Amino acid sequence: MVFAAPGEALAGAEEVLRGRPAPLHASVAHQVIGIWQRDFGDMRLALSHLRRARAWAARAESAEREADVLATLGVALVHAGRTRQGMDALRRGVERGSGHTRARVLFRLAYSWWVLGHHREALEDVRRAIPVLRQADDVIWTARALTLRATVHLALGSVDRADSDFAAAEALWETTGQEHDKADSVESRGLAAFRAGDVPVALRLLDEAEERYAKLGTPTFMLSIRRCEVLMAAGLAAEALAEADTALDALDGIGGQSTRRAELLLAAARAARLADEPGTAIARAALAVRLFAGQRRTWWEAHARLVLIGARHAAGRGSGRLVADAAAVAEQLVALGAPAAPEASLLAGRIALDLGWTADAERHLAAAARSRRGGPPLARMTGWAAQALRAQAAGSPRGVLEACRRGLDVLDDHRMTLGASELRARATAQGAELAALAQKAGMVSGGPRRLLVWSERWRATALSAPPTRPPADPALLSDMTAYREIAARAEESRMEGRPVPALEREQRRLEREIRSRTLHMRGAAPDGGDRFDARRLLARLGEDVRLVELAVLDGRVQVLLCGRGRVRRFEAGLLAAAETEAEHVQAGLRRLAHPGAQARLPVVEAAGRRLEELLLGPAAAHLGDGPVVIVPPGRLHRVPWALLPSLRERVLSVSPSASSWLRAKETAPPRGGRQVLVRGPGLATGGAEVPELAGRYGGATVLEHEDATVPRVLTELDGAVLAHIAAHGAFRADGPLFSSLRMADGPLIVHDFERLDRSPYRIILSCCDTARFASVGADELLGLVTALLPLGTAGVVACSAPVNDAAVVPLMLALHEGLDRGLSLAEALRDARGALPRDALHRATGWAFTAFGAA
């Protein structure tokens with residue numbers, strides 16, 4: 001019952017002990033309590049009860065009972081870090097038991113070998129146990145043994161064998177009432193899905209397992225370790241670190257298993273390393289190494305040492321000793337049959353390259369490069385990264401580009417299996433090094449045009465295809481409706497000055513549910529997509545339009561000026577300096593949004609001149625007289641481009657990539673020409689432009705007051721030719737896909753827009769912060785605008801800073817006058833800025849708005 005109904009089993013055992021039981025029954029009861037405490041509670045109590053169980057078994061003079069208790073005690077001692085004592089107890093259990101009981105003890109011995117990382121020994125013992133358990137028709141223990149054998153196969157990289165055993169075990173579990181074991185089976189299938197490269201399915205199965213454990217009220221430390229691994233592969237390193245730390249606190253709070261503590265420390269170290277926190281990674285990995293060494297867990301100690309060496313390298317520590325340490329770990333992992341061996345060889349090669357030890361680097365990188373031919377996506381990418389570094393060290397730009405191309409192709413295939421736009425964006429971090437190597441090699445071997453191709457090969461990959469449309473999942477729809485209601489109530493309470501901690505907790509819970517369900521979505525099979533073609537871009541730009549793509553190499557901005565059939569390169573300033581200046585400009589625009597800040601105008605304009613020098617450099621003098629399209633890197637998404645002197649009077653648009661601009665340029669408006677005007681609640685001006693626009697667009701659909709609800713707004717936006725939304729915008733840096741526009745019934749969030757079959761061809765967002773993004777992955781952006789562009793929107797006007805509501809009204813009216821004359825959004829916005837009064841308030845308002853896309 002311990003794994004069918006844990007709470008009832010514990011209560012039943014305690015009840016037996018209160019009744020002065022016979023020695024045999026007392027032994028069973030103490031063993032049950034020991035198992036419960038071992039897996040779900042305090043290890044000290046577990047060992048105390050199991051020792052008593054063994055003593056009562058001896059008094060009962062039952063060799064089979066004593067063998068069974070010795071096996072349970074042995075597992076507990078191993079989990080407590082007393083490896084030698086634990087394995088001795090297990091071996092004595094094997095000697096004392098016979099037949100069916102001995103097979104159960106062999107299973108626990110195999111399990112302990114797996115915990116210790118001795119996978120070959122684990123396989124040998126579990127294979128000896130399975131036929132006996134099957135012959136005894138012991139369904140539960142046979143299913144456990146099959147699950148264990150599958151898990152060992154996974155550790156050794158044999159995914160197909162694992163799948164077969166998991167399927168056989170699951171069929172057996174369905175005939176039992178072992179709910180905890182069933183949850184463990186679901187968790188294990190999640191791990192198998194992850195090892196096969198299917199992140200969405202892995203996340204779904206792990207979440208399902210967590211729900212099953214929650215119903216039983218049992219802790220889930222192994223689940224946390226596995227979820228950390230999946231989250232890291234999905235690019236969610238900060239979340240993995242938080243999960244590992246939370247689990248560590250919970251484990252320490254109950255005095256839980258020492259083995260799990262070491263594994264959680266290793267997970268936290270890996271996550272901290274990926275989250276660019278090398279100091280945290282070093283501390284956690286060093287402690288994990290000590291714990292694993294004390295527990296005699298060589299397999300785990302080797303993996304912890306790999307993370308420790310990588311973190312020290314990331315912290316800038318490079319030495320011959322570090323190369324030797326990485327090489328030794330690589331050899332050890334090979335001997336253990338661990339799939340992480342290529343990662344260790346790559347690390348040794350990377351450190352050797354930094355030291356200029358080319359011969360050593362070649363040896364280690366060649367070993368790592370062998371993994372490029374097979375295995376899960378991230379392992380193959382490790383191999384291609386090693387191959388690219390080999391080619392770079394050999395002075396072969398062509399070899400670098402070929403390796404980078406193949407590695408990024410693997411990433412693309414992996415990324416397209418992810419349905420959620422967030423996962424696609426974050427997954428790009430895995431290919432950052434390949435992209436940087438390719439850009440450098442491209443500039444050396446092929447000049448500006450090849451640098452452009454490789455910049456595009458990497459830029460805005462999350463926008464290369466629309467995200468998978470969220471399924472018509474009743475639970476998801478219910479959660480989104482509840483989220484909207486709770487968020488609206490919380491906002492109303494805050495406006496009345498009342499604290500809302502309970503509502504905010506429920507809102508956060510619903511956000512987690514919604515996000516979890518969207519992360520489960522699988523993407524469509526990759527179709528190869530359209531490769532970027534520089535000739536096609538230049539043909540589309542023609543003689544008048546200039547496209548300026550900003551690439552960053554070694555921290556410096558490279559300006560790629562495209563137009564008139566050519567691509568030219570200019571070197572500008574340091575990216576870090578430009579980021580700092582952009583923050584100063586944003587602060588200045590916030591000040592200018594309030595009346596009486598006229599004196600700040602020269603300061604902001606001077607900052608604009610400095611930004612131009614840093615971002616465009618000498619290219620500013622070669623922009624010609626026609627329209628300009630800016631393609632900035634993700635880290636410059638907050639630059640108000642219209643403030644730069646050479647762009648101030650121009651027709652100016654911004655795009656996440658040249659490919660995105662091409663798609664927008666070639667997107668045809670929908671038939672029917674429906675216009676939609678939306679006015680949300682609580683605006684200082686009451687959305688004053690909307691009534692005037694309603695008069696201008698005689699047949700427009702106008703949604704305001706109680707009609708401006710999220711379901712109604714989404715229905716009308718779907719397939720519209722033009723949408724104008726006047727509503728309060730809220731940007732969520734902590735959860736960009738929960739950035740929102742306030743409607744009558746609550747927030748309209750990015751996840752809502754992703755449900756549209758086709759978003760409006762043109763959309764104007766006349767509210768603050770609608771053009772703000774979160775930079776994730778390598779160079780990806782998440783926010784309202786980036787959600788709309790892949791869904792059929794060809795042009796967006798949005799705002800990147802707080803603005804004065806009253807000053808927005810004349811800008812919007814002038815913008816629509818330009819659209820009436822047949823102008824594009826960028827042309828109409830340029831003319832609208834020019835029509836505003838020249839005071840600081842109105843000029844700052846004009847600079848804060850940007851036209852995105854090409855419509």
Side-chain angles (χ1 to χ4, degrees), residues 71 74-75 77-79 81 83-84 86-87 90-91 94 103-131 133 141-166 168-169 184-185 187-196 222 225-226 229 257-260 262-264 266-267 270 288-289 291-307 328-345 371 374-376 379:
V75 172
L77 286 165
V78 168
H79 275 309
T83 302
R84 179 183 293 173
M87 297 307 286
L90 283 156
R91 290 188 186 101
V94 173
R104 289 184 174 189
V105 178
L106 278 171
F107 161 77
R108 273 105 119 204
L109 179 59
Y111 170 81
S112 297
W113 284 128
W114 170 70
V115 170
L116 295 172
H118 292 261
H119 297 105
R120 293 184 179 89
E121 291 87 343
L123 277 180
E124 181 181 343
D125 283 335
V126 77
R127 283 170 177 163
R128 290 162 62 197
I130 287 173
L133 295 171
W141 285 80
T142 302
R144 287 174 181 164
L146 288 169
T147 301
L148 173 61
R149 188 167 69 180
T151 306
V152 177
H153 281 316
L154 277 184
L156 294 171
S158 301
V159 177
D160 291 341
R161 291 180 179 179
D163 283 340
S164 176
D165 277 346
F166 278 137
D184 181 69
S185 175
E187 176 187 333
S188 298
R189 284 195 292 117
L191 180 63
F194 168 62
R195 291 278 190 264
M222 195 68 218
I225 293 164
R226 286 168 170 171
E229 196 172 358
Q257 298 173 354
S258 173
T259 51
R260 292 290 176 256
E263 291 163 28
L264 281 166
L266 175 56
R270 283 174 169 154
V289 167
L291 284 174
F292 287 132
Q295 295 164 2
R296 302 186 176 208
R297 301 172 71 188
T298 308
W299 167 283
W300 294 94
E301 184 187 350
H303 285 81
R305 287 192 185 280
L306 172 58
V307 177
V329 168
E331 289 178 10
Q332 191 175 22
L333 290 171
V334 169
L336 291 168
E343 186 184 340
S345 294
S371 70

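Note that the structure is predicted; figures quoted are calculated from it, not measured. Every heavy atom of this structure was used, including side-chain atoms; hydrogens, water molecules and symmetry mates were not.
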#### Entry: Under the salt bridge (charged side-chain N to carboxylate O under 4.0 Å, His left out) test, residues paired with Asp125 that sit two or more places apart
Arg128

#### Entry: Ser345 side-chain N/O to Ala330 backbone N/O, donor-acceptor pair under 3.5 Å
no

### Student check: side-chain heavy atoms of Leu133 and Arg144 closer than 4.5 Å
no

### Task
Check the pair Phe166, Thr151 against side-chain contact (heavy atoms from CB on, under 4.5 Å), reporting the backbone distance first and the verdict last.
CA-CA 8 Å; Phe166 278 137; Thr151 306; 4.0 Å; yes

### Query
How far apart are the closest heavy atoms of Ala169 and Leu146, and which atoms are they?
CB-CB, 3.9 Å

### Message
Could you go through Arg149 and Val152, starting from their C-alpha distance and side-chain angles, then the distance that decides it, and tell me whether this counts as side-chain contact (heavy atoms from CB on, under 4.5 Å)?
### Response
CA-CA 5 Å; Arg149 188 167 69 180; Val152 177; 5.7 Å; no

### Task
Of all the heavy-atom pairs spanning Leu90 and Ala71, show the shortest one and how long it is.
CD2-O, 3.5 Å

### Task
For His153, enumerate each residue passing the ring-ring contact (aromatic ring centres under 6.0 Å, His included) test, keeping only those at least two apart in sequence or located in another chain.
none

### Task
Would you give the length of the straight line joining atom CZ of Arg226 to atom OG of Ser188, rounded to the nearest 0.5 angstrom?
4.5 Å

### Task
Would you please test Leu77 and Met87 for side-chain contact (heavy atoms from CB on, under 4.5 Å) and show each step?
CA-CA 8 Å; Leu77 286 165; Met87 297 307 286; over 6 Å; no

### Query
CD1/Ile225 to CG/Leu191 distance, rounded to the nearest 0.5 angstrom?
11.0 Å

### Query
In Å, rounded to the nearest 0.5 Å, how long is the span from CG of Leu156 to NE2 of His119?
6.0 Å

### Message
Run the side-chain contact (heavy atoms from CB on, under 4.5 Å) test on Leu116 and Glu121 for me, step by step, so that the C-alpha distance in whole Å, both residues' side-chain angles and the decisive distance to 0.1 Å come before the verdict.
### Response
CA-CA 10 Å; Leu116 295 172; Glu121 291 87 343; over 6 Å; no

### Query
Got a second to check how far Arg120's CZ is from Leu336's CG, nearest 0.5 Å?
7.5 Å

Throw together a table of side-chain donor-acceptor distances under 3.5 angstrom for residues 292-301, partners on residues two or more places apart or in other chains.
from, atom 1, to, atom 2, distance (Å)
Gln295, OE1, Arg297, NH1, 2.9
Gln295, NE2, Ser258, O, 3.2
Gln295, NE2, Ser258, OG, 2.8
Arg297, NE, Val115, O, 2.9
Arg297, NH1, Thr259, O, 3.2
Arg297, NH2, Val115, O, 2.8
Arg297, NH2, Glu263, OE2, 2.4
Trp300, NE1, Val115, O, 2.8
Glu301, OE2, Arg305, NE, 3.2
Glu301, OE2, Arg305, NH2, 2.9

### Message
Quick check: closest heavy atoms across Ser112 and Val75, and the distance to 0.1 Å?
### Response
OG-CG2, 3.6 Å

#### Entry: Smallest separation among heavy atoms of Ala192 and Asp163, with atom names
CB-OD1, 3.7 Å

### From Leu266 atom CG to Glu229 atom CD, the distance as rounded to the nearest 0.5 Å
9.0 Å

### Message
Looking at every heavy atom in both Leu106 and Ala129, which two are closest together, and how far apart are they?
### Response
CB-CB, 4.0 Å

### Query
Leu333 versus Val329: any side-chain heavy-atom pair under 4.5 Å?
yes

### Task
Can you measure from OG1 (Thr147) to CZ (Arg189) and round to the nearest 0.5 angstrom?
10.5 Å

